Amino acid sequence: MAGKDSGNLKTVRLWRDAALRARKLRSNLRQLTLSAAGGCPGVGADQIDSPDAPQLVLPANIGDIEVLNLGNNGLEEVPEGLGSALGSLRVLVLRRNRFARLPPAVAELGHHLTELDMSHNRLTALGAEVVSALHELRKLNLSHNQLPALPAQLGSLAHLEELDVSFNRLAHLPDSLSCLCRLRTLDVDHNQLTAFPGQLLQLAALEELDVSSNRLRGLPEGISALRALKILWLSGAELGTLPEGFCELASLESLMLDNNRLQALPAQFSHLQRLKMLNLSSNLFEEFPAALLPLAGLEELYLSRNQLTSVPSLISGLGRLLTLWLDNNRIRYLPDSIVELTGLEELVLQGNQIAVLPDNFGQLSRVGLWKIKDNPLIQPPYEVCMKGIPYIAAYQKELAHSQPAVQPRLKLLLMGHKAAGKTLLRHCLTEDRVEASEGGDKDKGYSPPPPPPSKGIEVTSWTADASRGLRFIVYDLAGDESYEVIQPFFLSPGALYVLVVNLATYEPRRFPTTVGSFLHRVGARVPHAVVCIVGTHADLCGERELEEKCLDIHRQIALQEKRDAEGLSRLAQVVDEALARDFELRSASPHAAYYGVSDKNLRRRKAHFQYLLNHRLQILSPVLPVSCRDPRQLQRLRDKLLSVAEHREIFPNLHRVLPRSWQVLEELHFQPPQAQRLWLSWWDSARLGLQAGLTEDRLQSALSYLHESGKLLYFEDSPALKEHVFHNLTRLIDILNVFFQRDPSLLLHKLLLGTNGEGEGDGESSLVMALPPTSQDLLRATQLHHYVEGFLLHGLLPAHVIRLLLKPHVQAQQDLQLLLELLEKMGLCYCLNKPKGKPLNGSTAWYKFPCYVQNEVPHAEAWINGTNLAGQSFVAEQLQIEYSFPFTFPPGLFARYSVQINSHVVQRSDGKLQIFAYRGKVPVVVSYRPAKGVLQPDTLSIASHASLPNIWTAWQAITPLVEELNVLLQEWPGLHYTVHILCSKCLKRGSPNPHAFPGELLSQPRPEGVAEIICPKNGSERVNVALVYPPTPTVISPCSKKNVGEKHRNQ
Ligand SMILES: Nc1nc2c(ncn2[C@@H]2O[C@H](COP(=O)(O)OP(=O)(O)OP(=O)(O)O)[C@@H](O)[C@H]2O)c(=O)[nH]1
Ligand SMILES: [Mg+2]
């Protein structure tokens, strides 16, 4: 073959490839699939036309072929001789080509052809002669073309049983269609019909009909004629009512009526006794449609996104129900009888107004898909409900055992810039002092207690209203940026956020750092959080100044909010525009936003934007100025905080109902002597449980609740930690503070204190002890100094030095081990040289705290630029997934991610902004690039490389890291970020601004029959599809349940 001249070479190659790819599906060679060499670049119709369209040559002796598949070949014409060569052909597949008309040669097959698939082409008309020649057809697929009309001859295909003309431009259907008396399935969805086509009413054999996404606006009374109809799709058809005749469709089993304007169902709807599936989501029902209640055979019912306020108790009559979706309505309570629906497997209630779940809710134990977010739950409390039905069952059982107790307490978080005045404010607010009226004369000059030295993050309890037992758990989040890694742990839903601003030093230009960024952070972590802004140092400001500054803060918050909301709306609009375009069209234009992204992924994206827009922060205005020197102002602030906390709409959770035993259990944990201990063993806790009246089997759910509501830490799913209950949060925070005070002299001081009396010989201290005292001290100090330096520069510490640091807190070796385990679990450090879960045999364990790493990574720098150390270009292809964060980058995310990936990589080398490592033998690099102004947001990217044939190894290397990042990002439900796959060709070229394909493609399967994708950055350049799509799609969210009747839900 090598000797052939180039003219012949092409034909030869075509023939060889066709022969090679011809697959024998049945041994007698009666089925044949042919592909043109090179395949078809890109999907769909609008490809840049290559000068010579691919051609196929039919192999000889194929007269007995019965099924021929020529799909995905970019063909404009069928291969020569097709009609005459295939005397036995029954099925012809020409989908995903570029046909503009029905190939005349097809007519020659008319005597025997029973199936023709012309979907995904560019048909604008069907030749009447060709159509009428196909008189044996049983099945015809013309979907995804550009047909404005169908020829009358279609009605002459008397044997036709299945016809698909969806996704065309049909405004009418030919009258002759009524002659297709054998038609069983008809798809006319996504066309431009303006009324229900009367011809269809003659189709008495029709069993499945899809007329969705046409502007029907109504249905004829005569629809009752379609007696055989089992499946009917009427989604998005602009229907306002259903005719009574509709209720005579007695064979109906599945009915899709979502996205219409229905407010009621006809009275006779209950006649549809065969109905198993009914989708009424996204309509205008204000009352639960009672007419469906007698449908005893119903298995799936969707009523999402209506305006229901209640659910009738007769719903229990739907005894076969497996799926019930009632999300995003205005339901305030559920009937007690709902628990009788014991067969339920999916129950979706999120986005309603439900405060109390009926007793015995735990009976619904089969429910696997459970969504209850965004409801003002108090009984069971939100934290219990979120964990799932078994936890609800345990709670309700417990409530039956012991009395209910209401425990009004609220988490209050003080946040703000360094020296904003948080700590002093906390002291002044929480101090148990006489009322302001007594000694509170401002002029007398009340002087607050001296500011205590900053201890880092602190948590205290404040009984703000003794008469009602209302208590605030006050978290004072130190403003120093060293604490950024641990701060997010304390931001939780249902808390009151107080953002403290120093008004004396505030200037309008400092808004972003002193207010704006904090709001972004809280919003990203806790969407819909309640924030009030308190301005301190009011005594240092003139009256006018005070007013102006408060006004400015107020004004700038409004501006920021407006900007963010507008930005999000614009982004949502881009998704809408992409959705309005057909998937095919989207997939044909690599320039377009959301190129190739599936409708499902777009809808998910849209829903997220909608969520972000609907869950903005609840910022209480105005800014409250206060001077810590003025008791009256302090009292005003106390009153204000109390009134906010007691507002039932804002904090329904304050009135949560708990089983008394749980409440007692909590109190016992915080009583001496156990209160002082750093943690309790499971057995200690169990003993307290018994005192509270909880037997051991009931302890788990109580502890789990206390963990979820932030009272203590109990990791029920961690083998290493689940034997312990970390109930002393104050001391635990003190321990965290030890690691996050970056002061070298303080650290050294702690270490020196720790070595005093250090007797046992572990690590190097035993060596040190053997020397004479003075030089020993010196040596010890030098060594410790060395460790401190190493810690502050590289984040590295050996276990025995950590032990010295924690000396006042931890005594025994096992305690240290446990603490380190906890720190690892929290993602604050990882052990460099310990295989996970196994003990180290005698050698020193080294721990790495990534948030401390200061050094750059010099030795592997060249890698990222696509050149090796000698400066030559790699032959390898690069994969790079880039996450960008336009509004805010979650504080500490890079450091915590660095810990999280440790179990996936080896031979890592960490830098301040980059990690180089290997997954097996494949290199990976994770880089964080902080924002440079508004135009270049923060980015975090994950990259690898391999040669093209081995590119799957690079995917294998980065995919688990991508998924790990996605898991971490779930802690930030209000965060907006985008993911992109950077173009390998651009990266290889060293382009500073590589093209970015949408990250959604990562979770989509590679498109059929596409070998290459055009890179719009460089016109004609094509990227191999294997460099854009992973071999197997990544999981979007580890908890999302996949493939659950997605189409039905029309999410
Ligand atoms: N005059 C005056 N001084 C105040 C007021 N509030 C705080 N201060 C002083 O401001 C300084 C900083 O206050 P802190 O309470 O320590 O600030 P912080 O917000 O806790 O700072 P970090 O813990 O570092 O984040 C202290 O010297 C306080 O005494 C106030 O209302 N008036
Ligand atoms: Mg402080």
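This one's a predicted model, so the numbers in the text were calculated from it and none came from an experiment. Reckoned from all heavy atoms, side chains included, excluding hydrogens, waters and symmetry mates. Counting starts at 1 for both ligands and their atoms, following the listed order.
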Going by the atom numbers of ligand 1, which of them fall below 4.0 Å from some non-hydrogen atom of [X]?
X	value
Ala420	17 (O), 18 (P), 19 (O)
Leu424	4 (C), 5 (C), 6 (N), 7 (C), 8 (N), 15 (O), 28 (C), 29 (O)
Arg629	1 (N), 2 (C)
Gly479	22 (P), 25 (O)
Asp539	1 (N), 2 (C), 30 (C), 31 (O), 32 (N)
Ser627	31 (O)

Polar side-chain atom of [X] near backbone of [Y] as donor-acceptor pair, under 3.5 Å:
X	Y	result
His669	Leu665	yes
Gln633	Ser627	yes
Asn737	Gly456	no
Arg471	Ser461	no
His615	Tyr611	yes

*Pick one of side chain, backbone, both or neither for how Leu540 approaches ligand 1, counting any non-hydrogen atom pair under 4.0 Å.*
side chain
Please indicate whether any nitrogen or oxygen in [X] is less than 3.5 Å from any nitrogen or oxygen in ligand 1.
X	value
Gly421	yes
Asp480	no
Ala419	yes
Asp476	no

*Parallel, tilted or perpendicular: which fits the ring planes of Phe791 and Tyr852, with parallel below 30° and perpendicular above 60°?*
tilted
*So Phe726 and Trp679, would you call those rings parallel, tilted or perpendicular, with 30° and 60° as cut-offs?*
perpendicular
_With a cutoff of 4.0 Å, is Val500 in contact with ligand 1, counting heavy atoms of the residue only?_
no
*asked:* Below 4.0 Å from ligand 1: does a non-hydrogen atom of Gly416 turn up there or not?
replied: no
*Are Glu821 and Lys825 ion-paired here, with the side-chain N under 4.0 Å from a carboxylate O?*
no
*Heavy atoms only: give me the nearest Leu828-Pro850 pair and the separation to one decimal.*
O-CD, 3.5 Å
